[in-house]
Each structure stands twice: as structure tokens, then as C-alpha cells.
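Below, chain A is the first sequence line, B the second, and so on; all start at residue 1. The figures that follow rest on heavy atoms only: side chains count, while hydrogens, waters and symmetry mates do not. Owing to the predicted nature of the structure, the values given are computational and were not obtained by experimental measurement.
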Protein chains: 4
Amino acid sequence: MRAAAEEFAVRGLDASVADIARRAGVGKGTVFRHFATKDDLIAAIVLDRIAVLTGVGERLLEAADPGAALLEFLTIAAQQQQQRDLSFLQEVGEPSAAVVQARSRMFQTIHALVGRARDNGAVRADITGSDVILLMCAPGYITSYVPDAPPGLWRRYLALIFDGLRPDGASPLPHPPPAGP
Amino acid sequence: MRAAAEEFAVRGLDASVADIARRAGVGKGTVFRHFATKDDLIAAIVLDRIAVLTGVGERLLEAADPGAALLEFLTIAAQQQQQRDLSFLQEVGEPSAAVVQARSRMFQTIHALVGRARDNGAVRADITGSDVILLMCAPGYITSYVPDAPPGLWRRYLALIFDGLRPDGASPLPHPPPAGP
Amino acid sequence: MRAAAEEFAVRGLDASVADIARRAGVGKGTVFRHFATKDDLIAAIVLDRIAVLTGVGERLLEAADPGAALLEFLTIAAQQQQQRDLSFLQEVGEPSAAVVQARSRMFQTIHALVGRARDNGAVRADITGSDVILLMCAPGYITSYVPDAPPGLWRRYLALIFDGLRPDGASPLPHPPPAGP
Amino acid sequence: MRAAAEEFAVRGLDASVADIARRAGVGKGTVFRHFATKDDLIAAIVLDRIAVLTGVGERLLEAADPGAALLEFLTIAAQQQQQRDLSFLQEVGEPSAAVVQARSRMFQTIHALVGRARDNGAVRADITGSDVILLMCAPGYITSYVPDAPPGLWRRYLALIFDGLRPDGASPLPHPPPAGP
DNA sequence: AATGAATGAGGCTTCATTCAT
DNA sequence: CATGAATGAAGCCTCATTCAT
């Protein structure tokens, strides 16, 4: 069922429940059996992705090379983000308490990953976890507007962005990081 | 009238024509007098932005410092992109011939700007105009999900992305650029 | 099962089959096992009530005091009517043959009860069985719109209505009784 | 438009907006132009009736014969109530503030009318305004279940009920009046 | 026999678009 | 020209009913 919500990837969050049901090969009513609301369906997908990513991130906290760990985390994040309009930041209406909590735990993990990489000199000193949280969805976004994007194109832009995070040739940043998440 | 379509900035492309008309202080019918279709209204806004940006780009082609010129172009592009959901790449339905043509002219300008900067050594050799076209909307996108983003936050991410484009400490890119635009 | 349809009393006839099944502690399917249709379920409840009332009425035909017998009949009818929206007259769709027949037998009984009371001088001469049939649901109806009606409130209005049926101080009625049932 | 909502009279409050629109000879959307919500439409009808009745009631407070005034009030109320399921007491969801206020003013008027009639000896001493408020919808209700009721049938039952309110042959009432409205 | 997952018709509501004034 | 009333397609959601397990 959740797999059928890949409709969101193609049509964006405006995909109608009818379309989703058709793609899933079930009736409209069946979708509502599982998710009382379209927002609930979206929340379930987001929650699932957050959980996976948090798991990955927590495992990578144990990795030997903090810089490589962060890059791998971003790689996996971008990979799963290959479906537009479902960034973890997305808020359709108010996010449920469950989403807020899961997100906050994921954010903590990311802050830790970034902290380790920064301490290690793998990323520049003026980068915060919040920066990475915001940047992590960019590769997915960037490639989402290429009509028939080749499958690995996002890797190109992740690499470019990650290069920007590296200490080499870093120019001073013109604005402080957001206090945000 | 077009200025009234700043409603899109606040509510996204789902803003209703009624809201737009109210903000513009005119009747709904008047909107349709000028733009036969909501999509036409969007196209007009996009077209306008493309024209402005193309003008800026063409002027910057004459600038002395190709690297600074590219950065300034991206700065202006990001600045005007501070309104979510209206990237130049956006396609609601099929883009009209006019949009396609204007866009293609803008793309040519960007290719030229990037070519100059690359020849000058201001950006890495493996970067193409298409890359920059795709990256130019990212600062706007990135900051669009920060609830109460401070006004200049996008500059931070533009700087980071631009650092990634610089030759210093460039790592090899894992995927060729898109043939695309 | 039928007892579980007291849900109708609380929520009206719009109570969903799911709620009814839950209250009955069975699955939705089981409800449909016993009653092919929601209307059938309603009909069964109505039928049951009609049968009870008919029994009561027929027994009261033997009572010594015809006036008291009629009052008692109305009391019992009102008592059981304390659940809104299930008057015997209610027709959801077309009443089944069984309902029509049971109802008609109950109507005969009421006509007989009223006839005896009228002959006895307990109720005014211009009252027919049809009048009583129509009036008998009124106490239930009247109290159904009192938000937190005290349990015996209906007795007050039954008494008032019954006083109207008494010969004392009867004013001439402005319209003939319905030919109806 | 409001006149077209006589659909409620035939089908009850479950009448669909589509049916109402069809009967009114307009499109569904037009109904929502005038009443943002189906409940708003109902409230508008109820409000209108309440206003009319309150006007009538306040005028009748000046009448010479308090008993006749009350009877006339009830006659007009019953007349307008000839459409089932739209009693003033009806609450679909929560009644709006406007309905609550208008209703309360109407209730005050009724209390005054009843008070005068009681002081005058036209109705029994143990009757309150609340009783009359509850009884006033009964004629409409009673006749609503007669399939092809003759037009003036309700007058018969109003007369019977009013006879019950008269002091002649009044038997003691078994339950106190509701505190309610 | 019982269950509850699946279904799809139908209800309310929104909104782009048309058109008489 | 401008307006806003009218329209109806389309979306979300509920619920009676069916049916495989």
C-alpha cells in the first residue's frame, strides 16, 4: 500500500486518492481503511522514511571515519529522497505529534553526525547540523525537475554540495545558520 | 495585477484565483480578462522573471570578472526565487511556446556565463551550464522549508553551493552532467 | 443483537452499521448475516415493538375499565417509544409486507381499544382510533428534543394529551379525522 | 433559494444538496455561494422561521384575549411547521450563536404569552412556557407521518392539544416541567 | 458461522472558468 | 471594461454491502 504511494513521487502531493488507489490496484475505500485521512497516509510515508534514515544515521555514528559517515548518510538520504515533495520537512497541515517526535530524533542524529565530522575536520567549522538538514534534500529537489533524469544524476549534485561543505577553499559565509531544528 | 500574484509566494501555486483577485483589489472576472487561464497567469509571471533574469545575464556577459559575474547572476536569481513554487523549471501542464522559447534563451545566456567563468578558472572544469541551471533554484528551495526564515538566509546556502562549484579541493564528480537544457 | 440496535436510540437512524456491530460485540458481517439489509434490521426492530404493543393492546381489551386500559396502552407505547426515530409509522423506503400486516393488526387493536373507551365515555365521541394512532408517538417526539430530558418527562406530556382526549371541556374539532389507518 | 429548501420538508434533513439545487433550478455550487455550508442553509431557514414567529408572538402580546392570542400563536407556529424535521429545537451540530440568540428571544416571547394566558385562566396553572415550546411542534410532527395528509389535518391535533392545556377537567400532571428553555 | 477487508456509490465542499449585467 | 453570480468537475471522505478466509 505504502509502495503504491509512489504516486506522490510522480504527481506530487496533489495526487488524488483515487489515482493512488488505482495504482495500488484497490478501491478508494481501501486506502481509507488503512489511513483515515490523506494526511495520515502522507504522515505514514514520511514517518517510515524518517525511521529508516534515523536508523542509518545512528548506525553511522559508530563508523570509523566521520566524514565518510556523513557522506554516506547524505547519500542514503538523497537516494530515498528521489521522490519529490516528500521531504521530511514537508508539513501538510500540522504535523502529527508522532512526526514531530520522530523528526526531532532524526535531527538529533544528524546534529551528532555533523558534529563528529566537523570535529574531525571533514567539514568546515562554520557548518551546523541545521545546515545539513536543509541541504540534504537538495539533490532530490534539483534532479526532480529534469524531465527524464538518468538514475544516478543526483549523485553529481550531492558531490557538488558536499564539496561545498569541505574545508578546502571555504569562503566565509554571509549569514548565520538558522536557529531552527 | 501581476504583482498581486505574490499570493503564490505565500500560499504556493494552489492559491485560489479568488484570493489573488481579492489581493489585487479587483474582481475575479478581471483576472480572467487578462489571463485566459490560471496557467496563463503563472506563465506570465514565469515569463516575466525569465525576461528579467535573461536581461541581467546578458548584461553580466560584459562584466570584467567572469567568476564574480556568475556569482552575481546566481545571487539575483536566488533573490527573485525567494518565492516558493515558481522556479523557472516548473511546468504546470505543458509550458507554452513562449515560455519554452524564453527559457531556452535564458539557458543560452547561462551557458555563456558559465563558459566564461570556467575558461577563467573561476569554476571547476567539469561544471556545465546545465549544472548551474539546476543548482540556481536550490537556495530558494532550501530555505522555503524553514518556517520563519530570516530574510538573507538563502545567501548562506548560495555561498555554500558556489563554494562547491569552485576549483579548490574539487573531488571528481560521480556522474556526467545532464544533456538536458 | 436486536438489543444492540439501541444505538438507534442514541444516534438516530443514521447510526452506522459498524457502530451497531461494535456495540453488539460482533463483526459487521454478522449483522448482515441476520439482516440482509440495514432496512431489514430496522424493520425487525419495528416489527418486534409492534408485536409487543399488539400483545399488550389485546390483553388490555379484556380490562374492566376501558378508559384506564387506553391510558395504560398509551403509557406503554410512549415508554417504548423513548427512543427517537423509531416510531411505528416510520417508513424507511417501503415497509415490507410483514410490517404492513403487523401494523395493520396493531391498528385494529387500537381501534378496538379506542372504541371501547369512547363507548364508555372515557374519551370524547369525536375521537377515532386513527387519532390515537397518530397521537401515541407524540410524547416520545416531544421529549426527544430536550437535551438532557429527565427520565419520566414524557409522562407529563402524555397526561396533557390524554386530558385533551377526555370529554370534559371538549371544544369542537376543526377537521375530520384522517381516513387513514 | 430558501423556498427551494422545501426539499427538507419532503425528504427530511437528509435531503442532499444536489437535490435541493436541482429543485431550485440552480447548480450545486450556487447553493454554496449563498450558504457556505449545508448547516448554514438549515440555520438560515430556521432563523427565518424563528424571526417570523417571534414577530407574530410579540404582536400577539398586545392582544385583548390572552387565551385566544396563545391559540393563534400556536396556530401560526403549526402552520409554518408543516414541514417536518425543521423544528426550532432541531440542532444539527452546534447551533450558531445567531440561532441561539434568536431562539432565546422567541422563547421569552412564548413564556410571556403563556404567562398572560395562565394569569387569565385560559390555560391551566401547571403549564409553563417550556411546555408550550415543546408542544408547539407536535401538530406538525403528528401529521407528518400521514402519507397524504389533507391540508388542514394539523388543526385537528392542535385543537386536541390545546384542549389538554385548558383548565377544564385538568388532571394533575405526573412530572414537573423541564427547567430547560 | 463469523469476521473484517474491500468496494464504490454518494455526500459535502472547493475552485477554475463562463457569462449576463 | 469590470464585476461577481452561476456552474459543474473533481477532491476527500463515509458507509452500506459483499465476499474470501
Side-chain angles (χ1 to χ4, degrees), chain A residues 1 4 7 11-22 24-42 92-93, chain B residues 1 7 11 13-22 24-42 92-93, chain C residues 1 7 11 13-22 24-42 92-93, chain D residues 1 4 7 11-22 24-42 92-93:
Chain A
M1 189 69 56
E7 188 80 12
R11 302 264 255 267
L13 281 178
D14 293 350
S16 86
V17 173
D19 289 341
I20 293 170
R22 192 170 325 111
V26 302
K28 238 181 333 179
T30 307
V31 174
F32 286 102
R33 259 200 87 50
H34 296 294
F35 309 97
T37 268
K38 188 185 176 184
D39 281 1
D40 283 0
L41 169 56
I42 295 170
V92 176
Chain B
M1 185 72 59
E7 188 80 13
R11 302 262 257 266
L13 281 179
D14 294 350
S16 83
V17 174
D19 288 342
I20 293 169
R22 191 172 326 112
V26 302
K28 238 182 324 182
T30 309
V31 174
F32 283 97
R33 191 152 204 64
H34 296 294
F35 309 97
T37 266
K38 188 184 178 184
D39 280 2
D40 283 359
L41 169 56
I42 295 171
V92 176
Chain C
M1 186 73 58
E7 189 80 14
R11 302 263 254 267
L13 280 180
D14 292 352
S16 84
V17 174
D19 289 341
I20 292 169
R22 191 172 327 112
V26 303
K28 237 181 326 181
T30 308
V31 174
F32 283 97
R33 190 153 203 63
H34 296 294
F35 309 97
T37 267
K38 190 185 177 185
D39 282 1
D40 284 359
L41 170 56
I42 295 171
V92 176
Chain D
M1 188 69 59
E7 187 80 13
R11 302 264 256 266
L13 281 178
D14 293 351
S16 85
V17 173
D19 289 342
I20 293 171
R22 192 171 325 112
V26 302
K28 239 182 328 181
T30 307
V31 175
F32 285 99
R33 260 200 87 51
H34 296 293
F35 309 98
T37 268
K38 189 186 178 182
D39 281 2
D40 284 0
L41 170 56
I42 295 171
V92 176

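Under 4.0 angstrom from either OP1 or OP2 of F/dC1 there lies no side-chain N or O belonging to B/Arg33. A sub-4.0 Å separation between OP1 or OP2 of E/dC12 and a side-chain N or O of D/Thr37 is absent.
As a whole-Å value, the separation of D/Phe35 CZ from F/dA6 P is 11 Å. Here E/dT13 presents its C1' atom at 12 Å from CG of D/Asp40, a figure rounded to the nearest Å. Distance CG (D/Leu13) to C1' (E/dG11): 15 Å, rounded to an integer number of Å. Put simply, CD1 on C/Ile20 is 12 Å from C1' on F/dC15, counting in whole angstrom units. To the nearest angstrom, C1' of F/dC15 lies 14 Å from CD1 of C/Ile42. Rounded to an integer number of Å, the gap from D/Leu41 CG to E/dG11 P is 15 Å. Residue B/Arg22 contributes atom CZ, which lies 14 Å from atom C1' of F/dT3 at whole-angstrom precision.
At distances below 3.5 Å, at least one donor-acceptor pair connects side-chain atoms of D/Ser16 with backbone N or O atoms of D/Asp19.
Judged by closest nucleotide on DNA chain E, C/Gly27 is the one of C/Gly27 and D/Asp19 placed further toward the 5' end. Nucleotides of DNA chain F nearest to B/Val31 and A/Ala18 differ in position, and the one nearer the 5' end is that of B/Val31. If you find the closest nucleotide of DNA chain F to C/Val17 and to D/Gly29, the one lying nearer the 5' end belongs to D/Gly29.
Between atom CG of residue A/Asp39 and atom CG of residue A/Leu13 there is a gap of 9.0 Å, rounded to the nearest 0.5 Å. C/His34 NE2 to C/Leu41 CG: the interatomic distance, rounded to the nearest 0.5 Å, is 11.0 Å.
In this entry E/dT21 has F/dA2 as its Watson-Crick or G-U wobble partner, both defining distances falling under 3.5 Å. Both distances falling under 3.5 Å, in either a Watson-Crick or a G-U wobble arrangement, place E/dT7 opposite F/dA16. Across the strands present, E/dT13 finds its partner in F/dA10; the criterion is a Watson-Crick or G-U wobble pair with both atom distances under 3.5 angstrom.
Between B/Glu7 and B/Ile20, the shortest heavy-atom distance links the atoms CB-CG1, 3.9 Å. Minimum heavy-atom separation, B/Val17 to B/Phe32: CG1-CE1, 3.5 Å.
Contacts of A/Ser16 with the nucleic acid, taken as non-hydrogen atoms under 4.0 Å apart, involve only primed sugar atoms and P, OP1 or OP2. At a threshold of 4.0 angstrom between heavy atoms, the contacts of C/Lys38 are confined to the sugar-phosphate backbone, with no base atom among them.
Which of F/dA6, F/dC12, F/dA16 sits closest to the side chain of D/His34 comes down to F/dA6. Between E/dA6, E/dT13, F/dC12, one nucleotide has an atom nearer to the side chain of A/Phe32 than all others, and that is F/dC12.
Not a single donor-acceptor contact under 3.5 angstrom links the side-chain atoms of D/Lys28 to the base of F/dG11.
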